[in-house]
Amino acid sequence: MTANYSYYMTEAKEIIIKGLVQGVGFRPAIYRMAILHKLNGTVENNNTGVIIIVEGDKKCIDNFINDIPIRTPIASNISSIKINNTKPIGYENFEIVKSSSQSNEITEVSPDIAVCQECLEDIKTQENRLDYAFTNCTNCGPRFTIIKDLPYDRPLTTMDIFPMCKKCNNEYINILDRRFHAQPVACNNCGPHYTLHYNNNKIVDIDSILNKTSAILEEGGIVAIKGLGGYHLACNTYNENSILNLRIAKNREGKPFAIMFRDVDSAKEYLYINEQEEKLLTSWRKPIVLLKLKKQISQYISIGLDTIGVMLPYMPFHHMLFDKLTINSIVLTSGNLSDEPVLISDNEAIIKLGEISNAIITYNREIYNRTDDSVTKVINNIPRTIRRSRSYAPSPIELMLETEGIFAAGAELVNCFAIGKGKQAILSQHIGDLKNLETLEFYDESVNRFSKLFRFIPQLAVVDMHPDYLSSRFVEKLNIPTEKVQHHHAHIASCMAEHNLDENVIGISFDGTGLGDDGNIWGGEFFVCDLADYERITHFEYIPQPGGDAVTKHPWRMMTSYLVHYFGMDVISLYPSLFTDLNKGDLGTIINIIEQKLNSPLSSSAGRLFDSVSALLGVCHNATYHAEAPMQLESIANPNIIDSYSFLSTENISFKSTFVEIIEDILNNVNIADIAGKFHNTIVNVIVETAEVIREKKGINRIVLSGGSFQNSILLEKAEIQLLANGFEYYTQSQIPSNDGGIALGQIAVAAKRREIKKGK
Ligand code: ZN
Ligand code: ZN
Ligand code: FE
């Protein structure tokens, strides 16, 4: 490089970029842009983000800066760009320099990225990648699911058994190539391949595989297909028998199936898709998006609900399959039996899924880290994460607290754990229900893998107060100091952490369960809290849960308990019509349990209240999956109704008058959609009116809403609108689930804050 070129013209700038900029191919992209604009200098990662030094012509530097937001990788997300003037020191080239701090290594694990448009074109045009279903580049492809250890280099991924061919290697070492340092780079000559197992035959020709698969699907068969983070089971969306067969095979009575559409336009025929939903559907993460039905496809896909979980193709194989299929969508549900974790081992899949499918498609690259398809929905124009897994994990969450060494065990039913590194919380992928043995094994294995991958040494553990949670038991084995965090405090703290709040707020947690300080089950809670501590201001009135946790599967039991609580033991003779659909014997047993106060813990749960109203309206008496009753209640509710029922707020919040008025409406044959709508409005009023009282008393205007009940679109949307109208500053969850999948983040934030206070900072 000529040292004397335009001495007088040379300027220098330091550019600091923050956001999700590490582990996503950001530095090579900056390198290519610097070369393009004829600039010298350096780019490096450090704890604060990416730091760039550029020297050269002023005009070139300006163009370079303008290009940054446009030309950087799709999976990156720039939150800020800061530009400082600095003195030129005469760099002779542009270089990616080694990171100056070690700890930043931890952010180098990128989530998986859906196949990009350029790679899809390569599949049709590039000689060594014609019909090659594992085509990827720096901007797309598998990441987290194939990483065994750091540094992120091919030998430490499950691509280690595939040596690159010469052509691939040339792309890999050429910094100006789109595949520069793309670790999973591969082609027909050197990479992994699919195999179709059918009738004791193995087919390896990709065209034959695709033809056979599409034929089986169109004829109504079931095919198990190895995906990015685990196996899927696929069938024809337009063939009811095939969907019913899949339900029987999976032993999945009612839980909704997700479907994959060819493209957005074909999905629009059946579903309402607004701008925000389309953005989410087509994003590089390609999550499942819950969308409202415009036209029914099959009533068996999502039974009793007015929404369907929809995703778009995200692997080359998906796109290639739709090129063959004449139908526009397929059911694509996790490849497992009932509630086990999604299968990732080929042998297990062949044994377990072989029984229930007409063909199995495997490929010879191992899935190392299991991920499910992530689930999202849009409420009030904001994306909400319901299940955080593929393409989201393990992206870190930036906090303002020192988190190093903190292990958060998470909750029980919808588990996800978290580890603290630097000032970040790294949440695991969705793990699932720990009460299932295979899921607990998955938990154990994932904790070990995260610890190794992120060089994590636990110093402090955080668990739920519940002594019987298997996650709490797991922590006992670690033998390190342990902090306990109340479940709903963790929910609120999770939302606070997402928004970097660290102050007193009004915290409202509406949820299914969570052990409280008094030994009762909490779940309709109003707190005044900060990250370290909370004060319970008021809550939903305690109602006995006859038979304990089992009521969650039988909403009619909780309904009966509510009715007995408000109207006495004679309620059945008082309102016989409310009980006509119930089994007399079962009803007698429950009445007996309530009367004798047998195994009937007290509960203030919002989830159980929604369950009870759902059962009372005859919408759902028995649930076949978690939260079925509230979801069906939401689905049938008329959101346009403006009336509501009354409630009584004294020492706590009583729904006696609400039940009186609902029953009156039922007996007057009011449409159940209107009753359900009025009930939702009632809960919104409870939120706003209670918050106003607390604001008056405590002088706090900031409200934080969390808990699983806020996945209810009607409830959350109306609550946000009303809180805003009443001058509140509200915070709700978006990136992190408001259900128990977000608990670990709250646990880590609370423990970090308490540790900071203890250290006297
Ligand atoms: Zn690509
Ligand atoms: Zn190759
Ligand atoms: Fe919860």
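Every number for a ligand or one of its atoms is a count from 1 in the order of the listing. Values below: every heavy atom of this structure, side chains too, minus hydrogens, waters and symmetry copies. Nothing fancy with the numbering, it's 1 onward along the sequence.
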Next on the checklist: Need one value: angle at the Zn ion (ligand 2), Cys168 atom SG versus Cys190 atom SG, rounded to 10 degrees.
Outcome noted: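 Value returned, to the nearest 10°, is 110°.
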Checklist entry - Once rounded to 10 degrees, what value does the angle at the Zn ion (ligand 2) take between SG (Cys187) and SG (Cys165)? => result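 So the angle at the metal works out to 100°.
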Next on the checklist: I'd like the atom name of the N/O/S atom in Asp740 lying closest to the Fe ion (ligand 3).
Outcome noted: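 So the atom name we want here is OD1.
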Checklist entry - Of all N/O/S atoms in Asp511, which lies nearest to the Fe ion (ligand 3)? => result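 Looking at Asp511, the N, O or S atom with the least distance to the Fe ion (ligand 3) is OD2.
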Checklist entry - What about His193 and Tyr132, are their ring centers closer than 6.0 Å? => result yes
Item to check | Aromatic ring proximity, centroids under 6.0 angstrom, Phe510 and His491 | outcome: no
Next on the checklist: If the cut-off is 2.8 Å, does any N/O/S atom of His487 fall short of it from the Fe ion (ligand 3)?
Outcome noted: yes
Next on the checklist: On the six-membered ring of Phe526, is Arg536 placed so that its NZ or CZ lies under 6.0 angstrom from the centre and within 45° of the ring axis?
Outcome noted: no
Item to check | SG (Cys140) to the Zn ion (ligand 1) to SG (Cys119) angle, given to the nearest 10 degrees | outcome: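 That angle works out to 100° after rounding to 10°.
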Checklist outcome for this item: Heavy atoms of Leu427 and Ala418 approach each other most closely as CD1-CB, 4.0 Å
Next on the checklist: For Asp468, is there any backbone N or O sitting under 3.5 Å from a side-chain donor or acceptor partner on Ser472?
Outcome noted: no
